[in-house]
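Report on one structure; see the data block that follows.
These numbers come from the heavy atoms of this one structure, side chains and all, not from hydrogens, waters or symmetry mates.
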Amino acid sequence: MDSKESKKDSLDIAGRIYDVSDYKRKDALSSGLAKTHEQVSDTYTEGEMQSVDDDVDGKNIEIKGEEAEEESQ
């Protein structure tokens with residue numbers, strides 16, 4: 001592979017973004033994109049540890065996670 005082809009391949013790889021089909025593909029790039037997407041999605045969904053929500057009167061209501069719910073049972 002000459003340097004022009006190598007540079008083109010590198011640009012193609014660098015330009016890749018996550019696609020749902022990456023979960024089904026077996027190549028290293030797709031696997032990495034799928035794992036990274038899963039990690040970001042989990043972190044985004046989990047949110048902060050001490051998250052609160054505002055009620056109608058403007059008071060903060062603590063949103064309890066799974067651990068807090070298990071301890072209260």
Side-chain angles (χ1 to χ4, degrees):
M1 179 183 307
D2 66 3
S3 64
K4 286 184 180 180
E5 287 180 26
S6 177
K7 188 174 182 179
K8 184 180 181 314
D9 289 343
S10 295
L11 290 174
D12 288 343
I13 291 172
R16 275 279 311 272
I17 59 172
Y18 165 77
D19 186 81
V20 177
S21 62
D22 287 329
Y23 280 102
K24 295 179 182 176
R25 294 181 181 159
K26 300 296 181 193
D27 62 288
L29 178 60
S30 296
S31 175
L33 287 170
K35 286 179 185 176
T36 302
H37 177 265
E38 187 70 26
Q39 291 170 341
V40 170
S41 178
D42 289 348
T43 301
Y44 179 77
T45 303
E46 185 174 314
E48 335 178 343
M49 296 300 289
Q50 298 279 327
S51 58
V52 295
D53 194 13
D54 294 331
D55 72 358
V56 178
D57 298 325
K59 297 179 184 176
N60 288 339
I61 302 171
E62 185 176 345
I63 300 172
K64 296 183 179 181
E66 290 178 18
E67 291 177 14
E69 290 176 1
E70 289 174 4
E71 290 176 7
S72 66
Q73 293 179 356

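Distance alone, capped at 3.5 Å, is enough to place a donor-acceptor pair between the Asp22 side chain and the Asp19 backbone. For the pair Ser41 (side chain) and His37 (backbone), a donor-acceptor distance under 3.5 Å is absent.
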**Q.** CA sep, side-chain torsions, deciding dist, call: Ser30, Lys24, side chain to side chain contact (heavy atoms under 4.5 Å, CB included)
**A.** CA-CA 8 Å; Ser30 296; Lys24 295 179 182 176; over 6 Å; no
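Separating the OG atom in Ser31 from the NZ atom in Lys26 is a distance of 9.0 Å, to the nearest 0.5 Å. For the atom pair CZ of Arg16 and CG of Leu29, the computed distance is 4.5 Å after rounding to the nearest 0.5 Å.
Counting only residues at least two apart or on different chains, no salt bridge (charged side-chain N to carboxylate O under 4.0 Å, His left out) pair has a member in residues 27-39.
Taking Ile, Leu, Val, Met, Phe, Trp and Tyr as hydrophobic and joining them when side-chain heavy atoms fall under 4.5 Å apart, one finds Val20 in a cluster with Tyr18, Tyr23.
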